[in-house]
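Written below as structure tokens is the structure these notes are about.
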Amino acid sequence: MQLSELELIRREKRTQLQNLGINPYPADLYPVTTTSEEIKQDFSEGKKVVIAGRLMSRRIQGKASFAELQDAKGRIQVYFNRDEICTGEDKSKYNDIYKKLLDIGDFIGIEGELFTTQVGEKTVLVKDFTLLSKALKPLPQPRVDSEGKVHDAFTDPEQRYRQRYADLVVNPHVKEVFIKRTKLFNAMRTFFNERGYFEVETPILQPIPGGAAARPFVTHHNSLDIPLYMRIANELYLKRLIVGGFDGVYEFSKNFRNEGMDRTHNPEFTAMEIYVAYKDYNWMMEFCENLLEYCAKEVNGTTQATFGEHTVDFKAPYPRVTMAQAIQKFTGFDITDKTEEEIRTAAENLGVAVDDTMGKGKLIDEIFGEKCEGNFIQPTFITDYPKEMSPLCKEHRDNPELTERFELMVCGKEIANAYSELNDPIDQRERFEAQLKLAEKGDDEAMFIDHDFLRALEYGMPPTSGMGIGMDRLIMYLTNNPSIQEVLFFPQMKPEKKAVAMTEEEKAVFKILKADTGDKMELEVLKKSSGLSNKKWDKAIKGLTKNKLAKVEKTEDGLFVTAV
RNA sequence: GACUUGGUAGCUCAGUUGGUAGAGCACCUCCCUUUUAAGGAGGUGGUCCUGGGUUCGAGCCCCAGCCAAGUCACCA
């Protein structure tokens, strides 16, 4: 890896510090007493403080200098004055160590006293400082001017996602998104725990990937010599726990789906699933709207959230619309009591793409997805989905073609999905078998039959309502980010291409050179044995000498190439 | 998977018809003791994404590829 000039300079400074007897990476605890935030909130002139963080900007004016120190809570101005730091004859700590050997990005600790500058800035007067960690790579340095305009912003998404650590250091608004993300998780936990529901963990490596229709990642367990799948959902395991006697269980689950990536799909994503015994989906709707109202307030301090052009209000309650009502409203077509053929014709008339493999449920789902879904901006429950689309959901108490299912739509997208859970083991087996038929027809997302899950149901599961929430999508709404990558610390990226150390020609030449005894050859001999054209030879040998892998020397006996 | 746009210094970006690769910030040297995006003077810094091709000559034109973003398709 070729180092830039700036990186070489910093490495040299590291060595110089060591030569001065200063460890650039000391092991000692640093006795921090406060943070930048506390200093500003609880400011009193002359107060002694010990703080630590990264040096983020410097304005050096000879024997004095202002700088900014950034810690986990923000930034605080610090004032380095030569006479304060170097009270004796030796002024090198200021002149050499501070001014010459520290860089922006270095972690330092500061002992000092608070004061206010003539322009009114709360500042730490540095009495002494300690290098805590030397940064060898220069950070991007965005700056904000007095009009609030950002200069040199670090904005390239590729670099920001690949080097999230740097993104977080220099872009405070990015850090804010992740703070809100954690607030959301904490808020949900609090809401559930206060109601007595129990947080659990279930397997991520599963012999049968169940609970959703999706293509799984496959891996292999060596000593068992069996395939294992990364989980696509945790539903079936949580229901086993309801069978086992828990009243309410929930889990934040990292799920993995081996499907396409775009700005709303990452191969791994986080869902929250909760199952509560003796409840139905009507109860769950109320629970859901109360939950989201609570979470929105905890995260943003208000139930309103801005998402692009929309302002969404999470204040409960939310409208409840059946799928049939939604379709009637946006297409004028009433699907109630219609045959499959009538619905197919209606879909075709509406310009919805259909094919012969689609059953009644799929057709209805297509019409809804195409014509209705995008219209629900404010949180809205869509209820009573076709049975065919919901193999884990209980049949509707009033209509055997439907299920007791709802999805919560926000800004035209689903963020929650819930059922009155199917607990009839015979019905469940038949639904799995119907899925198996779909798989045989080539649907690679059809569900597997999970016999152990059926066995669990046979022991009896109480009536239960369950709900899943897409955490990534929800936090996108709460932080106004249209891309899932902005709400994941480390979104999946294609691997960075490794810089090729040597070209094929260079490798060939180098191999011949190394094979020769003494690693030294006459240039003409080497050139001839490489068999390269003039142009390619020239490029190869220049490449090798440039990378200091070979050296060309002229002696009395002629031109020689030496391996270095 | 298709299409569109982009990839030039540590960061943000210019780069004319194909003719010696530029700016601001950062960095280095010197001066400067209460400043605040940017004090003054001077200087250093490049795999122009990669590989081919056209050409006397390619950052620029052509072909292929890599990576990213966006739109669409597919998918929860």
Side-chain angles (χ1 to χ4, degrees), chain A residues 1-10 12-13 57-68 75 77-85 94 99-100 103-105 115-121 123 125 135-163 166 170 212-215 232-233 255 257-267 269 271 353 365 369 373 389 407 413-417 443-445 468 470 472-473 482-485 491 493-501 503-505 536 539 543 546-547:
Chain A
M1 186 65 197
Q2 201 81 25
L3 293 174
S4 71
E5 188 197 15
L6 299 185
E7 289 169 308
L8 290 170
I9 288 169
R10 288 186 179 218
E12 176 56 27
K13 289 179 179 180
S57 73
R58 290 205 289 181
R59 298 176 286 279
I60 295 177
Q61 312 154 58
K63 299 179 189 66
S65 167
F66 287 95
E68 279 179 297
R75 291 188 184 187
Q77 177 165 273
V78 292
Y79 177 61
F80 288 82
N81 182 305
R82 195 180 70 179
D83 298 334
E84 296 286 346
I85 292 160
Y94 179 82
K99 273 172 74 177
K100 304 233 190 268
D103 282 298
I104 287 173
F115 79 109
T116 308
T117 64
Q118 289 177 2
V119 293
E121 184 85 15
T123 304
L125 173 67
L136 297 185
K137 211 169 171 60
L139 286 165
Q141 280 174 260
R143 289 171 179 233
V144 184
D145 67 20
S146 49
E147 289 157 9
K149 197 177 155 199
V150 181
H151 300 258
D152 298 342
F154 183 54
T155 52
D156 177 30
E158 177 167 7
Q159 292 203 71
R160 287 183 44 236
Y161 302 154
R162 287 193 195 280
Q163 302 187 40
V170 304
R215 286 203 294 271
I232 54 174
N255 295 340
R257 297 187 183 178
N258 204 342
E259 291 166 353
M261 291 162 58
D262 60 32
R263 78 179 201 296
T264 57
H265 295 84
N266 195 65
F269 64 99
D365 193 58
E373 200 173 55
M389 309 302 299
E407 290 194 353
K413 299 272 187 192
E414 167 219 337
I415 62 167
N417 181 20
D443 183 346
D444 54 4
E445 291 187 342
D472 305 300
R473 204 166 272 178
S483 156
I484 195 170
Q485 290 148 304
M493 305 285 279
K494 285 203 187 183
E496 286 178 85
K497 198 176 27 168
K498 280 181 223 126
V500 184
T503 66
E504 286 307 308
E505 284 83 12
K536 290 202 163 165
K539 199 164 182 181
K546 191 179 169 191
N547 290 321

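Given the structure is predicted, the values throughout are model-derived calculations rather than measurements. Letters go in sequence order (proteins before strands), and every chain restarts at 1.
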Could you identify the nucleotide paired to [N], looking across every strand shown and requiring Watson-Crick or G-U wobble geometry with both distances under 3.5 Å?
N: B:G10; value: B:C25
N: B:U54; value: none
N: B:C72; value: B:G1
N: B:G45; value: none

Among [options], which nucleotide has an atom closest to any side-chain atom of [X]?
X: A:Lys13; options: B:C13, B:G10, B:C28; answer: B:C28
X: A:Phe115; options: B:U12, B:A69, B:U34; answer: B:U34
X: A:Glu5; options: B:U44, B:C28, B:U36; answer: B:U44
X: A:Asp145; options: B:C11, B:A37, B:C75; answer: B:A37
X: A:Phe154; options: B:C11, B:U34, B:A68; answer: B:C11

May I have the distance from [X] (atom [atom1]) to [N] (atom [atom2]), rounded to whole angstrom?
X: A:Arg58; N: B:U34; atom1: CZ; atom2: P; value: 17 Å
X: A:Gln118; N: B:U34; atom1: CD; atom2: P; value: 7 Å
X: A:Lys494; N: B:G7; atom1: NZ; atom2: P; value: 19 Å
X: A:Gln159; N: B:A68; atom1: CD; atom2: C1'; value: 11 Å
X: A:Gln485; N: B:C67; atom1: CD; atom2: P; value: 15 Å
X: A:Asp365; N: B:C75; atom1: CG; atom2: C1'; value: 12 Å

Provide the distance between the two [atom1] atoms, one in [N] and one in [M], to the nearest whole Å.
N: B:A69; M: B:U29; atom1: C1'; answer: 41 Å
N: B:G45; M: B:G10; atom1: P; answer: 12 Å
N: B:C25; M: B:U36; atom1: C1'; answer: 16 Å
N: B:U47; M: B:C67; atom1: C1'; answer: 16 Å
N: B:C63; M: B:U17; atom1: C1'; answer: 23 Å
N: B:A21; M: B:A9; atom1: P; answer: 15 Å
N: B:U20; M: B:C66; atom1: C1'; answer: 30 Å
N: B:G39; M: B:C13; atom1: P; answer: 23 Å

Classify the nucleic acid contact of [X] as base, sugar-phosphate or nothing, counting any heavy atom under 4.0 Å across all strands shown.
X: A:Phe269; result: nothing
X: A:Arg162; result: sugar-phosphate
X: A:Ala214; result: nothing
X: A:Ala212; result: nothing
X: A:Val119; result: base
X: A:Leu6; result: base
X: A:Glu414; result: base

Is a side-chain donor or acceptor of A:Ser65 paired with a backbone partner of A:Arg59 at a separation under 3.5 angstrom?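 Side chain of A:Ser65 to backbone of A:Arg59: a pair is present.
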With a 3.5 Å distance limit and no angle check, can you tell me whether A:Tyr94 reaches the backbone of A:Ala64 through a side-chain donor-acceptor pair?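 At least one qualifying donor-acceptor pair exists.
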Give every pair of a protein N or O atom and an N or O atom of nucleotides 71-73 of chain B that lie under 3.5 Å apart, one pair per line with the distance.
from	atom 1	to	atom 2	distance (Å)
B:U71	OP2	A:Arg263	NH1	3.1

Is any side-chain heavy atom of A:Lys99 closer than 4.5 Å to a side-chain heavy atom of A:Ile60?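 They are in side-chain contact.
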pair A:Gln77-A:Thr117: side-chain heavy atoms closer than 4.5 Å: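 Side chain of A:Gln77 against side chain of A:Thr117, heavy atoms only: contact under 4.5 Å found.
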So does [X] get a side-chain nitrogen or oxygen closer than 4.0 Å to the phosphate oxygens (OP1/OP2) of [N]?
X: A:Arg143; N: B:U12; value: no
X: A:Gln77; N: B:U35; value: no
X: A:Lys63; N: B:U35; value: no

Stacked pair A:His151-B:A38, distance under 5.5 Å, angle under 30°: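 The ring of A:His151 is not stacked on B:A38.
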Using a distance-only criterion (donor-acceptor N/O pair, under 3.5 Å, no hydrogens), is the base of [N] paired with the side chain of [X]?
X: A:Glu121; N: B:U34; answer: no
X: A:Asp156; N: B:G7; answer: no
X: A:His265; N: B:C75; answer: yes

If you pin A:Arg82 and A:Pro142 to their nearest nucleotides in RNA chain B, which one's is more 5'?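 Nearest nucleotide further toward 5': that of A:Pro142.
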Taking the nucleotide of RNA chain B with the closest heavy atom to each, which residue, A:Gln141 or A:Glu68, is nearer the 5' end?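 Checking each residue's closest nucleotide, the 5'-ward one belongs to A:Gln141.
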Partners passing side-chain hydrogen bond (donor to acceptor under 3.5 Å, both in side chains) against A:Arg263 (at least two apart in sequence or in another chain):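 Scan of A:Arg263 (side-chain hydrogen bond (donor to acceptor under 3.5 Å, both in side chains), adjacent residues dropped) gives none.
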Would you say the ring centroid of A:Phe80 lies under 6.0 angstrom from that of A:Phe66?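 No; A:Phe66 has its ring centre 6.0 Å or more from that of A:Phe80.
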Of A:Leu8, A:Leu136, A:Asp103, which meets side-chain contact (heavy atoms from CB on, under 4.5 Å) against A:Lys13?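 Single side-chain contact (heavy atoms from CB on, under 4.5 Å) partner of A:Lys13 among A:Leu8, A:Leu136, A:Asp103: A:Asp103.
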Please determine whether a side-chain nitrogen of the Lys or Arg among A:Arg215 and A:Glu259 lies less than 4.0 Å from a carboxylate oxygen of the Asp or Glu.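 Looking at A:Arg215 and A:Glu259, the cut-off is not met.
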Taking ring-ring contact (aromatic ring centres under 6.0 Å, His included) as the definition, give me every residue that meets it alongside A:Phe269, ordered by chain and number, with sequence neighbours left out.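 ring-ring contact (aromatic ring centres under 6.0 Å, His included) list for A:Phe269, sorted by chain: empty.
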Can you name the closest pair of heavy atoms from A:Pro142 and A:Val150 and give their distance?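 Distance-wise, the nearest heavy atoms are CB-CG1, 4.3 Å.
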